Amino acid sequence: MSSNPTVPLLSLTTMTRKSWKRFGRRHRIIRNIIATIMLPAAGLWYAPNIQLTTNTAIWALVYYFLSGIGITAGYHRLWSHRSYSASSFLELYLALAGAACFQGSIREWSRDHRAHHRYVDTDRDPYSISKGISYAHMGWLIIMPGLKQDKVDVSDLDSNRIVVWQHRNFTAIAIIVALKGGSIYAGILRMFFFQQATFCVNSLAHWLGDQPYDDRHSPQDHLFTTLITFGEGYHNFHHTFPSDYRNGVTWYQYDPTKWFIWSWKKAGLASDLHKYTSNLIGKCEYEQQQKQLDQFWAHLNWGVPHTNLPLTTWASFQQEICQGRELVVLAGLVTIRSYVGKDATSAFNGGVYAHSTAAHKLLDDLCVGILLGGVELTKNPWPPGPGNY
C-alpha cells in the first residue's frame, strides 16, 4: 500500500543526511543494546523464577511463529525484495508482527538488507562475514558502521504509508506488540530466540553449508538456519535469485514462508508472486555442479595422458616381452603385470570376467604405451580376401 510513489511521505534527505548523523545512528545503537543484550539478559535472569505453564509454552511457540513471519515474509521478502505485492490488511499485520521481533523498523531493516545484497562480502556490506562471524552475527548492531545511506534506494518505502507510520512510531509499537500476551516467555525470550535465529542467517548461512547455485560470494544453504527461520536458510539460492518469493525452490523443501505467501495469494491477500523459471535455475545449478566436478577432477590422478604415451608396434611389444618385461595389451593400451604377452581386451571386458568401472580406471595408473593399430597382428591380411574371415 502506498500513495503517489513520486511524492515521498518521508524525506530521504532529512532522514539520511541530518537525522542519521546527529541522532539516528546513536539512537539505533542504544536501542539495539537494550533489545539484543539487556532485555534478553533480564529475561534469562528472571525466567527460572517464573513457572512455565503448558498454556504459556504453547502461546510462546505460536507467537514465535506469528511474529517471526512478519520478518521473513514482511521485512524480508515483501519490503526488502518486492518479491510479491500485499493488500493493506496484510501489510499492516506484517508491520505489527515484524515489530514484535524488535529488529528495527521496516525501513531500517530493509535499507540494511538491500545494502547487504548490493555490497555483499565487501567493507560496505553492513554485516559482512569478511569481518568475522561474531561481527556478522551481532557485532555490527553495536558498532553500526556509518555507511552512506544515499547509495541504497528506499524511495518506495518512503512512499508507503504503513512503512512510514511504523518507522515514526516504531519504539512504542514494538514495546506493545513484543510484550503482547506475556512479559518473559512469550515476550522477551521469544523475541530473543527469534533475533538469534535471524542473526544466524547473517552469520552461519555465510559461513557453513552448500553452494549449489553460485560460489562467487559467501552465502550458503544451511539446514539449521532454515529450520529456525521458516525457510530463510536456503541462502545461496536467495542471493542468486533475490526477488523470488521462494527460498526453498522445490515444493517439498521446508519453507513455511513460501507456503504462507502462496496461501495469501489464494485468499486474495497477495499478488504478483515473482519466481524465476526452472530453466534459468537449472542452468545455474548445472554450471555450479560442473564447476565442482571440474575441481574434483583436478585433484584426481588420472595417470599419464594417452596423448603422452609412446607408440609401439606389435613386434616391438613382443620384443619387450622377450626381454623380460611383463606387459599386456588392453584396448590398444600396453599395461603391466598380468596376462603377459597377450591381448587381454576381450578377456578383460567379459570374455573371462567383466571387470568393474574401478578396474577400468585402475588401468590409468598402469599404462606405459599405445599399441600401433590397437590390436594384435595376425597372419591374415586386412581387409580380408575370400576365405580369410
Side-chain angles (χ1 to χ4, degrees), residues 1-3 5 9-10 35 59-114 116-117 154-181 186-187 190-191 193-195 197-199 201 228-234 238 242-248 255-275:
M1 168 187 150
S2 66
S3 62
L9 298 172
L10 193 64
W59 170 239
L61 290 174
V62 170
Y63 202 36
Y64 179 92
F65 199 97
L66 294 177
S67 59
I69 209 73
I71 296 293
T72 62
Y75 279 38
H76 188 207
R77 302 192 199 185
L78 175 61
W79 285 299
S80 293
H81 294 292
R82 293 297 183 186
S83 64
Y84 69 101
S85 299
S87 67
S88 300
F89 175 79
L90 181 57
E91 281 198 0
L92 180 59
Y93 163 69
L94 293 173
L96 294 174
C101 296
F102 232 115
Q103 296 185 25
S105 71
I106 296 165
R107 188 186 187 278
E108 294 168 343
W109 201 102
S110 298
R111 193 219 66 83
D112 290 337
H113 193 71
R114 290 180 183 182
H116 167 63
H117 273 262
V154 291
S155 58
D156 58 318
L157 303 178
D158 292 337
S159 300
N160 185 297
R161 292 186 180 277
I162 290 178
V163 172
V164 171
W165 168 76
Q166 194 236 36
H167 180 76
R168 286 175 170 165
N169 303 281
F170 175 75
T171 302
I173 295 171
I175 292 174
I176 294 171
V177 294
L179 301 180
K180 182 177 178 61
R190 169 204 55 80
M191 180 182 70
F193 285 121
F194 195 80
Q195 285 174 350
T198 304
F199 301 159
V201 178
I228 61 177
T229 59
F230 317 140
E232 296 290 78
Y234 299 106
H238 171 62
S243 61
D244 198 309
Y245 84 95
R246 309 161 298 175
N247 271 8
D255 187 0
T257 304
K258 166 189 67 180
W259 299 330
F260 264 87
I261 296 172
W262 181 87
S263 300
W264 292 333
K265 178 186 177 182
K266 295 300 180 181
L269 297 173
S271 60
D272 301 326
L273 275 60
H274 299 167
K275 64 179 182 178

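One-based numbering along the sequence shown. Quick caveat: nothing in here was measured; it's all calculated off a predicted structure.
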Hey, does the side chain of [X] reach the backbone of [Y] with a donor-acceptor pair shorter than 3.5 angstrom?
X: D255; Y: N247; value: yes
X: K258; Y: G248; value: yes
X: R107; Y: Q166; value: no
X: S85; Y: D272; value: no

Query raised in the report: Between H113 and H116, how do the two ring planes meet: parallel, tilted or perpendicular, split at 30° and 60°?
Result: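 Tilted: the ring planes of H113 and H116 meet at 30° to 60°.
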Separation of [Y] [atom2] from [X] [atom1] (nearest 0.5 Å):
X: R246; Y: S83; atom1: CZ; atom2: OG; value: 10.5 Å
X: I106; Y: L157; atom1: CD1; atom2: CG; value: 8.0 Å
X: T198; Y: Q103; atom1: OG1; atom2: CD; value: 4.0 Å
X: H76; Y: T257; atom1: NE2; atom2: OG1; value: 9.5 Å
X: I162; Y: L90; atom1: CD1; atom2: CG; value: 9.0 Å
X: T229; Y: F199; atom1: OG1; atom2: CZ; value: 13.0 Å

Report task. Kindly say whether the aromatic ring centers of H274 and H81 come within a distance under 6.0 Å. Result ->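 No: the rings miss the under 6.0 Å criterion.
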Query raised in the report: Under 6.0 Å between the ring centres of F65 and F260?
Result: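 Yes; F260 has its ring centre under 6.0 Å from that of F65.
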With the side chain counted from C-beta on, respond yes when [X] and [Y] share a heavy-atom pair under 4.5 Å apart, and no when they do not.
X: F193; Y: I228; value: no
X: V177; Y: Y63; value: yes
X: R190; Y: Y64; value: yes
X: W264; Y: L273; value: no

Report task. Kindly determine whether E91 and N160 satisfy side-chain contact (heavy atoms from CB on, under 4.5 Å), including the steps that lead there. Result -> CA-CA 10 Å; E91 281 198 0; N160 185 297; 3.3 Å; yes
Query raised in the report: After noting the C-alpha distance and the side-chain angles of H117 and H238, does the key distance pass the side-chain contact (heavy atoms from CB on, under 4.5 Å) rule?
Result: CA-CA 10 Å; H117 273 262; H238 171 62; 3.1 Å; yes
Heavy atoms only: give me the nearest [X]-[Y] pair and the separation to one decimal.
X: A97; Y: G70; value: CB-CA, 3.8 Å
X: M191; Y: A178; value: SD-CB, 4.4 Å
X: A174; Y: A99; value: CB-O, 3.5 Å
X: Y84; Y: A86; value: CE1-CB, 4.1 Å
X: C101; Y: S67; value: SG-O, 3.5 Å

Query raised in the report: Hey, which of W109, F170, F194, Y75 is the one that makes ring-ring contact (aromatic ring centres under 6.0 Å, His included) with F102?
Result: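 Answer after filtering W109, F170, F194, Y75: F170.
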Report task. Start with the C-alpha distance between I173 and W165, add both sets of side-chain angles, then the distance that settles side-chain contact (heavy atoms from CB on, under 4.5 Å), and finish with yes or no. Result -> CA-CA 10 Å; I173 295 171; W165 168 76; 3.5 Å; yes
Query raised in the report: What do you reckon, is CH2 of W262 surrounded by more than 12 foreign heavy atoms closer than 6.0 Å?
Result: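 No.
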